[in-house]
Asker: 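Before anything else, here's the structure in question.
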Amino acid sequence: MLEKTFDPQSVEPRLYAAWEASGAFKPAEDPNAEPFVIVIPPPNVTGSLHIGHALNNTLQDVLTRFHRMRGKAALWLPGTDHAGIATQMVVERQLAAAGNIGRRDMGREAFVDKVWEWKAESGGAITNQLRRLGASCDWSRERFTLDEGLSAAVRKVFVQLYKQNLLYRDKRLVNWDPQFQTAISDLEVEQKEVDGAYWHFAYPLADGVTYQHPIAFDEDGKATEFETRDYIVVATTRPETMLGDTGVAVHPDDERYKGLVGKFVTLPIVGRRIPIVADDYADPTKGSGAVKITPAHDFNDFGVGKRAGLEAINILTVEAKLNDSVPAEYVGMDRFVARKAIVARAEEEGWLKEIEKTKHMVPHGDRSGVVIEPFLTDQWYVDAKTLAQPALKAVETGETVFEPKHWEKTYFEWLRNIEPWCVSRQLWWGHRIPAWFGPEGSIFVEESEEAAYAAARAQFGADVQLTQDEDVLDTWFSSALWPFSTLGWPEKTSDLERFYPTSTLVTGFDIIFFWVARMMMMGIHFMGEAPFKQVFINALVRDEKGAKMSKSKGNVMDPLILIDELGCDAVRFTLTAMSGQARDIKLSKQRIEGYRNFGTKLWNASRFAQMNECVRVEGFDPATVEQPINKWIRGETVKTVAEATKALEAPSFDEAAGALYRFVWNVFCDWYLELAKPILNGDDAAAKAETRATAAWALDVILKLLHPVMPFITEELWEKTAEFGPARETMLISAKWPELPADWIDAEAEAEIGWLVETVGEIRSIRAEMNVPPSAKPGLTIVGAGPETKARLARHRDLLLTLARLDAVREADAAPAGSAPVVMGEATGALGVAEFIDVAAEKARLTKDIAGHAGEIEKVNKKLGNPDFLARAKEEVVEENRERLAEAEAAKAKLEAALSRLESVG
RNA sequence: GGGCAGUUAGCUCAGCGGUAGAGCGUCUCGUUUACACCGAGAGGGUCGGGGGUUCGAUCCCCUCACUGCCCACCA
């Protein structure tokens, strides 16, 4: 017997272990089974499961379980990401906390060993948490981005891209993170608004040059007054960079400065003589129109410098302190200290002309949070522009489809404006770059040290000394290979053959650029085919007020705690139901409780079925049922299967969840079980047996349909309900998804039960409005019943009596006095509630109802009176309106008759 | 500055040419032997504003307003 409530805590671990042990997580061996493949977005190995993961992985599991049940060879391939900076940071912090020596003192090899040690101890946390979520991943295929095979794939890709000239080494400005002392890619830079200022500096003109600077203008903006200046004003938000200035730029068409182009200024403090150059970059409308040029520390200035042939002087160290290219007093000074010092000096020496307070966007490292410096270094770059073209085409042609579709625009926008991808990082934890430096600036890029030495020997005709590049690759470089490297590439494995390209990628929009686009580029380049057929972008989970969850705000909802408190199924159902497409998910605990209640409802419905001996019957064929309620629930079940299947195929998770919720609660529990009660408690043995079998059958279908979303409670019920019936052939996880014939929908039964439901609803409504106490059992008198209604009454008298709490149902020629009208198709019911009728209130009620129908009639009449409508609208729409009119008129007439009776009485 | 979303009941959202919906919350009633994590009922909306297309617009088009996000931007 089922216990009174479902106990997730005890059931979940047991069932998960049973599933895994059964081998159900592995794809079917059957070579004819169509594959369905998802590669997991590998969580950081340092990570722990947050609510975003819970959503993302729930959806993947729903899909995997659904397709598995449909008989596909379903593979959900799990794994984790080594997460270069993040992991190195975590381990460094731990070492520091434990009082260990720092990374640099420890040395590279020892440090990397420490990270591996840490990974062995704590790296599995997140995969265990995925198990708590019920994730049916094939753990036998689990991968790690830094494992042996994936590292080989990374080397191969690097070498091949290099040899195809799609990857190269270049000296240019990068985004430099002074905290981690590494280059980072454009995507790892976050623009944040900060308080700042424009400091206007007067740079003295060299060689005694002066010019006339306009200071007053007429209405047309023409200069009317000038002053003689021996300096030129430039503005900057970063005063400290002036120590690296090698020029001043003005716009070639700027009348004010035309005469100054080719002249020089003397850079204050430094005393360097630097030219005034003409360049389109200088915007006459901004600041003074003249701009200082620091080629080594500004992306725009770098371009100007190149065009004008200005020297790029690097004035910073890797820690963003001033280096020895600046006057001695500033060497070693922090960049922000230097900023203050230089402003102070400018003021003191009189060349600070103005301070303009402003807010502006400043680049910060997304991990370190410190201000990023443009920094001139040698780095490795991927020619993303070239690789992007086929990736664009794959989405343009529909080889890969985004869902929701509008994310394609975001994808296009980025790929069409893509910049070279800086892939080298000055870190230790990651894939070491397979490049070796030799004599005379030679570089050998090979998959192994031996191959590099061999290549060097071939080039120099003798053995030479090589040094491997110290740097590692951007974490996203290996992630970009994930859909094929995890399947065994570059080996030609059977998995690769069978499971590439994958079916659906489920991920968040925040990594469309970081990950999705790059997988598309690499997948197409190396496999010749886009890595996914569909990219499903899931929403972002926020707190109930719509704020992003963050530890500092204290609004984080821990999915594991929620699972402990409310059960995994409730959390999963909530996330599934709320994953409507274009939006943020505002999650509240209350919402999860609601779906926990849904699970309890299902549990109790099963208990009810069990108490009433609704046991599965071997060989039961729902096609043969005769009772109207059984025909009806059979049809409703068919419709729900169709709805759920269609929704999960799309996938529209929220629609699937909604359809199942409504069916289980509002159809099966609220009506079917109630309608079944009189039969189950009655004496008609055949009807009773049929109803028991039908209920058990429908419940089985429900368990199957709900299983992808609520795997635990359904599996438990699947097991428990087998206690009395025939044994189950498989666990529910391996059961077959229902496919039911459409002709099991019986229009007649549907109409009949619909009529019953409406009648009961109307009587209940009248009772409540008239405050008829539940204990009172009025009689119902039917007037004007046709043969169909008579037949229905005969069949469902008991149901009417029970569900509407009536004393008797009888037929008569006229409604008795003091009754309330119930519209029942062509017939009129008269509810004998004389003792409860407040005549005035009842009159008001009827008048209001009549007015409602009158409004409807007027509206429809207006439509039907429009010749254009009759001529142009679809026939069925016209017909529908005619029916509506007839129904409204009939109902109105009945209510009017009742009203007039009431008036004659009172 | 460029782009993308969104604006529907108190809240969260679905609907996306043909009678405005759900969940939660609110109010009323209820110990009817599956379930109070429940049942029955009720109230609540000129579908952001303005144009247009159409027989018909919450839905399609244009436009405006507001909100959110992404990208770019340190004179």
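Just so it is clear: chains get the letters A, B, ... in the order the sequence lines come, proteins before strands, and each one is counted from 1. Side chains included, hydrogens not; waters and symmetry mates left out as well; all remaining heavy atoms used.
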Asker: Whom does B:U28 pair with, Watson-Crick or G-U wobble, provided both distances fall under 3.5 Å?
Answerer: B:A40
Asker: Out of A:Thr574, A:Leu706, A:Asp569, which residue meets the side-chain contact (heavy atoms from CB on, under 4.5 Å) rule with A:Phe598?
Answerer: A:Leu706
Asker: Establish, with yes or no, whether the OP1 or OP2 oxygen of B:C38 is under 4.0 angstrom from a side-chain nitrogen or oxygen of A:Asn597.
Answerer: yes
Asker: Any idea which of B:G30, B:U19, B:C38 is nearest the A:Pro774 side chain?
Answerer: B:G30
Asker: Could you check which of B:A34, B:G25, B:C73 has an atom nearest any side-chain atom of A:Gln590?
Answerer: B:G25
Asker: For a ring-ring contact (aromatic ring centres under 6.0 Å, His included) with A:Phe402, tell me which candidate from A:Trp407, A:Phe536, A:Phe509, A:Tyr411 qualifies.
Answerer: A:Tyr411
Asker: Any N or O donor-acceptor pair under 3.5 Å from the base of B:A75 to the side chain of A:Glu356?
Answerer: no
Asker: Below the 4.0 Å mark, does B:A34 have OP1 or OP2 next to a side-chain nitrogen or oxygen of A:Arg607?
Answerer: no
Asker: Can you identify which nucleotide, out of B:G30, B:C4, B:C35, has its nearest atom closest to the A:Lys4 side chain?
Answerer: B:C35
Asker: Answer yes or no: does a side-chain N or O of A:Ser765 lie under 4.0 Å from OP1 or OP2 of B:A42?
Answerer: yes
Asker: Donor-acceptor pair under 3.5 Å: do we get one between A:Lys409's side chain and the base of B:C4?
Answerer: no
Asker: Considering just the side-chain nitrogens and oxygens of A:Lys601, establish if one lies under 4.0 Å of OP1 or OP2 belonging to B:G39.
Answerer: yes
Asker: When you measure from the side-chain N and O atoms of A:Lys848 to the phosphate of B:G43, is any distance below 4.0 Å, counting only OP1 and OP2?
Answerer: yes
Asker: For the P atoms, the ones on B:A57 and on B:G49, what distance do you get once it is rounded to whole angstrom?
Answerer: 15 Å
Asker: Identify whether the distance between the nearest side-chain nitrogen and carboxylate oxygen of A:Arg307 and A:Asp279 falls below 4.0 Å.
Answerer: yes
Asker: So, OP1 or OP2 of B:C38: does either fall under 4.0 Å of a side-chain N or O from A:Trp603?
Answerer: no
Asker: With a 4.0 Å limit, can you tell me whether A:Lys677 has a side-chain N or O closer than that to the phosphate oxygens OP1/OP2 of B:A34?
Answerer: yes
Asker: Is any N or O donor-acceptor pair between the side chain of A:Arg596 and the base of B:C37 shorter than 3.5 Å?
Answerer: yes
